[in-house]
Amino acid sequence: MNEGIVTMHYDKSIKAYEKARNVIPGGVDSPVRAFKSVGGTPLFIKKGEGAYLIDVDGNRYVDYVQSWGPLIFGHANKTIEKAVIKAVKKGLSFGAPTKAETKLATLICSIFPDMDKVRFVSSGTEAVMSAIRLARGFTGKDDIIKFEGCYHGHSDSLLVQAGSGAVTFGSPSSPGVPADLTKHTLLAKYNDIKSVKKCFENSKNIACIIIEPIAGNMGFVPADPKFLEELRALCDKHGTLLIFDEVMSGFRASLKGAQGIYQTLPDLVTFGKVIGGGMPVGAFAGRAEVMDKLSPDGPVYQAGTLSGNPVAMAAGLASLEQIVDESDLYVRLEKKAKRLVEGLKEAAKEAGIPLQVGAIGSMFGFFFNEKPVKNFDDALKSDTTRFAAFHQGMLREGFYFACSQFETGFICDAMSDEIIEETIEAAQKVFKEIA
Ligand SMILES: *Cc1c(COP(=O)(O)O)cnc(C)c1O
């Protein structure tokens, strides 16, 4: 692919970026898109086709970002496209209930038997923010525990040692977030139960623990199964709710997300990304006893003008129904993810570059790191300069990876085995150049 092309042309992206910067802060509507940590200009996208992205200069890339997770079937999936067009023709929004919401909620509850009710919102950030308010309202407690390097969206009390763009830009807690708010956010270390116990020693007022059970925003770092079990036990002992933030891992790591991989069950779970099939959808779910505390049945207020939007619901339904229909989807995806990371690891080894890799379901990750990565401190010891060189090299070869060492990669069903092999071949070349 792109054989013989020494330098790709990015002229149109460069021009588009200049224009955007005049009217949009940093030229982007979400910071990690700006390519800050890898250098160069963000690519402006013209369209997507299955596994591929095509930029405004006409370059074609294999896309391992997939809109940061939502597109499990790849770009412009025909079934989702048809469902969306059908819904659009009936009107874009009503601000009144539609049957599509009940249908999607029923499907989700059937996948997660421990979840009785779901409420839809419009983003992952909103889902987590609302789940935390609900946990506080339900328990009557104010403090929350979050883990260093986990990202739960950009709401105030969660922008403390957050991952994703917040890692790359090195401001753990952002200006504009009052210290009075974040004092209720207790920080613990991922995969380190002692640090969690310490939080419980310091506060008798802990409403919830929120965790990415398969962390994807400090790079790809799965939790140890025993760690999750111990969190569950601590929550039960202290009357604290356990929230799994599965905005990324939900319907990505497996049909049931982390709950399909681990034995531990949460009290509340948050979704986003795949649940909307590419449209803006988030959701949070739990037992009726907890969810019924939400307004209008209960006192905990939560609302949204475009929540459960009919077009977004149509996309979510079309995506989830395809997922449920394809019983071996995740086996297929995981086989490709594992082949990719094993191939990358081998290629790196041949070039004398230490690389840590991992994959679960359609999620994968790799760190330019001497040692296995178990938490945020480990992740931060990765060689980000080498990552930047790898990213640039792969882009030139026609492979679009997330533009930060601290992100996760995604396999989509439109990726063939040949594409995976081509990626490994390109990586062999790039690793040799950057060794
Ligand atoms: C992406 C993400 C969020 C935020 O979702 P948005 O839709 O970007 O607001 C929250 N939690 C996790 C684990 C995520 O990966």
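Along the sequence shown, the residues carry numbers beginning at 1. From a predicted model like this one, the values you see are computed outputs, not experimental measurements. Atoms within each ligand, like the ligands themselves, are counted from 1 in listed order.
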His152, any N or O under 3.5 Å of ligand 1 N or O: no
Distance flag, aromatic centroids of Phe227 and Phe147, threshold under 6.0 Å: yes
Which of the ligand 1 atoms, numbered from 1, are nearer than 4.0 Å to a heavy atom of [X]:
{"X": "Ser123", "result": "7 (O), 9 (O)"}
{"X": "Tyr151", "result": "11 (N), 12 (C), 13 (C)"}
{"X": "Glu212", "result": "13 (C)"}

Shortest non-hydrogen contact from Gly286 toward Leu268: CA-CD2, 3.9 Å
Nearest non-hydrogen partners of Tyr301 and Ser295, listed with the distance: CD1-OG, 3.7 Å
Protein contact to [atom] [nearest heavy atom, distance to 0.1 Å]:
{"atom": "atom 11 (N) of ligand 1", "answer": "Asp245 OD2, 2.7 Å"}
{"atom": "atom 1 (C) of ligand 1", "answer": "Lys273 NZ, 1.6 Å"}
{"atom": "atom 7 (O) of ligand 1", "answer": "Gly124 N, 2.8 Å"}
{"atom": "atom 3 (C) of ligand 1", "answer": "Val247 CG1, 3.7 Å"}

Among Leu158, Ile214, Thr125, closest by any non-hydrogen atom to atom 9 (O) of ligand 1: Thr125
Note: Lys381-Asp377 ion pair, threshold 4.0 Å (strictly below): no
Ion pair Lys12/Asp55, N-O distance below 4.0 Å: no
Ring pair (Phe, Tyr, Trp, His ring centres under 6.0 Å) partner of Phe401, the single match among Phe366, Phe387, Phe410: Phe366
Distance in Å, Lys273 NZ paired with Glu246 CD, rounded so as to fall on 0.5 Å steps: 12.0 Å
His154 touching ligand 1 at heavy-atom level, < 4.0 angstrom: no
Within reach of ligand 1, part of Asn217 (heavy-atom separation under 4.0 Å): side chain
Atom CD of Glu81 with >12 non-hydrogen neighbours under 6.0 angstrom: yes
